[in-house]
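Scroll down for the structure; my scribbles are underneath it.
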Amino acid sequence: MRRARVYCITSSACCLAMVAIVLAAQSSRKGKTYIVRVDSSTRPTPLASVSSWYAFLIASAKGLELNDYQDVADGPIYSYDTTFKGFAVVLTEFQAEALRSTPGVASVQEDRKVHLQTTRTPEFMGLNHVYELHPASDAVDNDVIIGLLDTGIWPESKSFSDDHMSRPVPERWRGECESAPDFNASTACNRKLIGARAMSRGYQVAEGPINETLEFVNSPRDIAGHGTHTASTAAGSYVKNASLFGYAGGTASGVAAYARLAVYKVLWGEGSVGYESDVAAAFEQAIIDGVDIISLSIAHCLSLPYDMDTSALSTFKAVEHGIVVSAAGGNSGPEPYTVCNPHPWTITVGASTIDREFPALIVLGNGASYIGTSIHSGADLAGDAKVPLVLGSQASHPDTYPEDAMYCLPDVLNADVLKGKIVVCNEGILDPVTKGMALREMGALGMVIMDSTSSPQKFSPSINVFPTVAVTVEIGDAIKEYISTHKFGYSSPTATIISKGTAVGAKPAPIVVPFSGRGPNPVSPIVPKPDLVAPGVAVLAAWPEDLPPSSLPDDERRVNFHLLSGTSMACPHVSGIAALLKSAHPDWSPAAIKSALMTTAYTYDNAGNHILDTAYSLQMSATSLAYGNGQVNPVHAIDPGLVYDIEAIDYLNFLCGLKNLTEGNPPLDLFLHLDVPACPTEEALLHPGNLNYPAFSFVYNQSGIQHTNASRFNSSVIRTVTNVGSNSSVYKVTVKEPPGVTIKVEPETLNFTASYEKKTYTVSCQAAAKAGLDTKLGVGITEYHSFGELVWSDTIHTVRSSISFIWTVKVLGVDL
Ligand SMILES: *[C@@H]1O[C@H](CO)[C@@H](O)[C@H](O)[C@H]1NC(C)=O
Ligand SMILES: *[C@@H]1O[C@H](CO)[C@@H](O)[C@H](O)[C@H]1NC(C)=O
Ligand SMILES: *[C@@H]1O[C@H](CO)[C@@H](O)[C@H](O)[C@H]1NC(C)=O
Ligand SMILES: *[C@@H]1O[C@H](CO)[C@@H](O)[C@H](O)[C@H]1NC(C)=O
Ligand SMILES: *[C@@H]1O[C@H](CO)[C@@H](O)[C@H](O)[C@H]1NC(C)=O
Ligand SMILES: *[C@@H]1O[C@H](CO)[C@@H](O)[C@H](O)[C@H]1NC(C)=O
Ligand SMILES: *[C@@H]1O[C@H](CO)[C@@H](O)[C@H](O)[C@H]1NC(C)=O
Ligand SMILES: *[C@@H]1O[C@H](CO)[C@@H](O)[C@H](O)[C@H]1NC(C)=O
Ligand SMILES: *[C@@H]1O[C@H](CO)[C@@H](O)[C@H](O)[C@H]1NC(C)=O
């Protein structure tokens with residue numbers, strides 16, 4: 001009965017009209033969506049079904065007689081069962097408050113917005129996939145199903161062709177391809193795209209009805225491009241001669257070209273906004289449908305304690321069902337504590353560069369030339385052209401501020417001055433494509449963007465409409481100097497822009513990009529985050545054929561592939577690699593797959609140096625707060641030697657321990673779904689630092705060390721490794737200690753004699769106060785961070801874990 005109802009709400013056409021009425025009725029009362037979790041052990045026995053219990057709860061919160069309660073107008077917009085027990089319902093604030101104090105109701109939370117994790121300007125550049133993994137094979141890889149919660153899909157893209165896939169859809173698949181007026185399931189879905197669904201009720205309550213001139217309410221079709229891009233990055237088919245205006249050309253393919261795709265559209269509108277109530281419904285459905293991997297290039301980046309975070313619950317339940325969850329670490333870097341999706345059971349992915357660049361020269365009339373970044377459509381300038389060069393600030397209308405003109409804001413520019421010239425603009429807030437379109441309209445021939453240090457075009461290049469080069473502030477100053485000293489007559493300033501197309505082999509790469517979300521973990525610093533980094537700059541992947549490569553309505557260009565940047569792009573790389581690991585090791589748990597990805601990640605770039613971090617435009621050595629355990633290494637991840645395995649119960653014990661040290665949370669039973677044993681009494685199990693994570697974090701403050709077995713500044717944690725290499729192998733440990741910390745590992749040798757044998761070891765740290773990098777957190781808090789590592793090696797495998805030390809030494813000016 002209950003199952004039928006859930007099904008009806010999520011997919012049956014017979015219910016669409018009813019849902020429309022619900023939404024119309026509910027939004028007219030100006031309510032908001034609330035996500036309600038219940039304690040199902042408290043359901044009163046007279047209420048025979050879960051749905052009648054929910055009706056009872058809602059009716060009492062609304063002050064209705066049960067007879068007046070109408071399932072259609074008053075009832076839940078979603079019922080949740082697999083991810084957590086509860087429902088989403090539209091209520092006024094007053095009613096929500098009433099519901100909060102109703103017995104059996106565990107929590108009532110307002111629905112929250114989720115966002116895409118592409119960089120701020122949605123136009124970027126890119127490259128092909130660098131993964132020459134184990135030979136992909138139709139015989140094995142195609143049994144893995146990757147589910148994406150995103151903006152939907154453009155099924156006509158060649159990236160979703162199933163020509164190379166001979167085997168039928170796995171029989172265990174229980175998902176569906178749902179039809180809509182613009183989405184014919186029998187032609188859209190095939191052996192590659194095996195499922196497509198849409199969830200929009202939470203969105204509609206918050207944002208109003210979906211504008212059906214843009215997209216249909218129940219259609220999985222992608223009108224924003226993001227979902228098409230991420231799906232093809234994870235598991236797109238081979239497409240020959242793919243490029244964006246000739247840039248980044250080659251054969252495009254997803255990381256797991258033989259894996260299956262199932263998409264769940266949860267973001268709506270061209271601006272692509274989503275709500276957690278819809279995301280939770282998609283998780284629920286994906287678990288029921290039978291996906292193996294969930295790829296989550298979206299986030300709500302204001303992190304809540306795990307037991308209050310709907311997405312923490314949903315991802316946990318997915319992992320408990322054996323599903324690997326890979327999620328974007330967010331684009332809010334480079335400040336500390338900015339990493340999103342930091343749940344311990346999720347693979348949290350940051351973004352790094354690859355070795356491909358899009359260089360261009362700007363050659364000045366005096367012969368000086370500088371190198372910058374350029375991607376543009378249309379013809380190049382002639383290499384020997386001498387085009388007059390002008391600063392935007394020299395081209396303002398008389399009655400406007402030159403400061404505005406400096407940024408080339410179209411309204412303040414004088415076309416008479418710009419015509420036939422290359423214009424030098426400061427970057428500013430307005431995106432370069434918009435400026436370029438306006439300048440081109442006014443007759444300008446090209447543009448130089450003086451890049452701000454905060455969002456270098458190098459890490460998220462715009463797809464410009466005419467010859468354009470982005471240069472650093474230093475080069476921009478040299479160009480300005482040249483212009484100011486060549487103002488007059490025959491020596492007036494000139495320049496040309498020479499595009500060099502696509503250059504591969506750029507060094508150093510990878511580099512951690514400024515926007516990538518940084519650790520420490522804002523929810524539980526004892527679990528380090530992010531976990532690793534993957535390519536997230538200028539990734540070439542499929543794009544809907546009727547969308548421009550910018551989000552601008554006036555942009556008439558159309559492309560089949562697009563270059564995008566963001567942790568949104570890094571995440572599906574890891575989802576695809578996880579699919580390959582899953583096909584190589586079908587019996588591995590999500591934690592084992594994650595461990596393999598983390599402990600084989602590397603920390604050296606292609607120039608042989610430690611990977612760099614470009615935060616704040618400084619080039620410094622990256623730390624594990626930026627790249628976690630390092631850059632993902634798919635080839636080694638297939639054969640990691642040892643794994644740190646974690647079962648669902650271990651995460652629950654971890655939460656028990658965390659809860660013991662955290663005040664003000666609602667009861668942990670919420671997280672436990674009341675169907676697991678009570679918290680353990682064994683002390684070791686209660687130390688959150690003992691969660692069998694493939695990396696370490698030690699957190700110190702005045703009262704000592706948080707969450708570990710410790711006296712002040714002394715601490716010890718335990719780990720257990722499982723041998724997944726050859727039957728007999730002997731591993732020896734080496735550690736790198738940061739200044740001021742002594743690290744001891746006991747035992748120092750692990751002698752395995754059988755496959756899947758487990759061995760436990762202890763890591764003890766003796767730390768001095770205040771060591772490492774002084775990091776101001778901007779709110780009167782200073783922390784010191786320092787870093788070490790621990791490596792187990794049997795001479796064939798290198799099993800590496802990063803170790804972070806975090807000292808909170810000064811809070812609001814008081815030295816602790
Ligand atoms: C969907 O496509 C199939 C196969 O081309 C066709 O037979 C069917 O009529 C189409 N359905 C709709 C509603 O257009
Ligand atoms: C729906 O979208 C179309 C096309 O963008 C727009 O012209 C129209 O104003 C929108 N309608 C509403 C109600 O927002
Ligand atoms: C490859 O693509 C480019 C740009 O789209 C096109 O001009 C060229 O003809 C294509 N080449 C082949 C062999 O298809
Ligand atoms: C927290 O754990 C300690 C043992 O580590 C125990 O003595 C204490 O009662 C626990 N506190 C709560 C609130 O559960
Ligand atoms: C905590 O550490 C002490 C000394 O290092 C050790 O004797 C004790 O067994 C540890 N307790 C746990 C629960 O790990
Ligand atoms: C230090 O850690 C203890 C133990 O977890 C905690 O209770 C306390 O609030 C922390 N103090 C500061 C200043 O963060
Ligand atoms: C930390 O451990 C070391 C070595 O075991 C010991 O000598 C020292 O007294 C300990 N310090 C504290 C504060 O417990
Ligand atoms: C490894 O051990 C398993 C049993 O634990 C055995 O079946 C297998 O033959 C062994 N492999 C090798 C290479 O010794
Ligand atoms: C590992 O253990 C086996 C069996 O106990 C033993 O024969 C072997 O010598 C050990 N190797 C090392 C290096 O300790």
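As the structure lists them, so they are numbered: ligands from 1, and atoms in each ligand from 1.
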statement: Nearest heavy-atom contact between Asn723 and Phe752 is CB-CD2, 3.5 Å
statement: All heavy atoms of Asp645 vs all of Ala592, minimum pair found to be OD1-N, 3.7 Å
- prompt: For ligand 1, is there an N or O atom under 3.5 Å from any N or O atom of Asn184?
  reply: yes
query: Out of curiosity, Ser295 OG to Leu149 CG, how far, rounded to the nearest 0.5 Å?
result: 9.0 Å
field: Minimum-distance pair of heavy atoms, taken over all atoms of Pro170 and Asp143
entry: CG-OD1, 3.9 Å
statement: Here the atoms of ligand 2 under 4.0 Å from any heavy atom belonging to Leu214 are 2 (O), 4 (C), 5 (O)
task: Quick one: closest heavy-atom pair of Met598 and Pro694, and the distance?
output: SD-CG, 3.8 Å
- prompt: For the atom pair CG (Asp162) and NZ (Lys192), what is the distance rounded to the nearest 0.5 Å?
  reply: 9.0 Å
- request: Number the atoms of ligand 1 from 1 as they appear, then name those within less than 4.0 Å of a heavy atom of Thr187, with their elements.
  value: 2 (O), 4 (C), 5 (O)
query: Which atom names give the shortest non-hydrogen contact between Ser277 and Asp111, and what distance separates them?
result: OG-OD2, 2.5 Å
query: What are the atoms of ligand 1, with element, lying closer than 4.0 Å to any heavy atom of Ser186?
result: 1 (C), 2 (O), 3 (C), 4 (C)
- request: Please list, by chain and number, the protein residues whose heavy atoms come under 4.0 Å of ligand 9.
  value: Val730, Asn751, Thr753
task: Indicate yes or no for a side-chain donor-acceptor contact from His229 to the backbone of His562 under 3.5 Å, with no hydrogens or angles considered.
output: yes
message: Closer than 4.0 Å to some heavy atom of Thr213 - which atoms of ligand 2 meet that?
response: 1 (C), 2 (O), 3 (C), 4 (C)
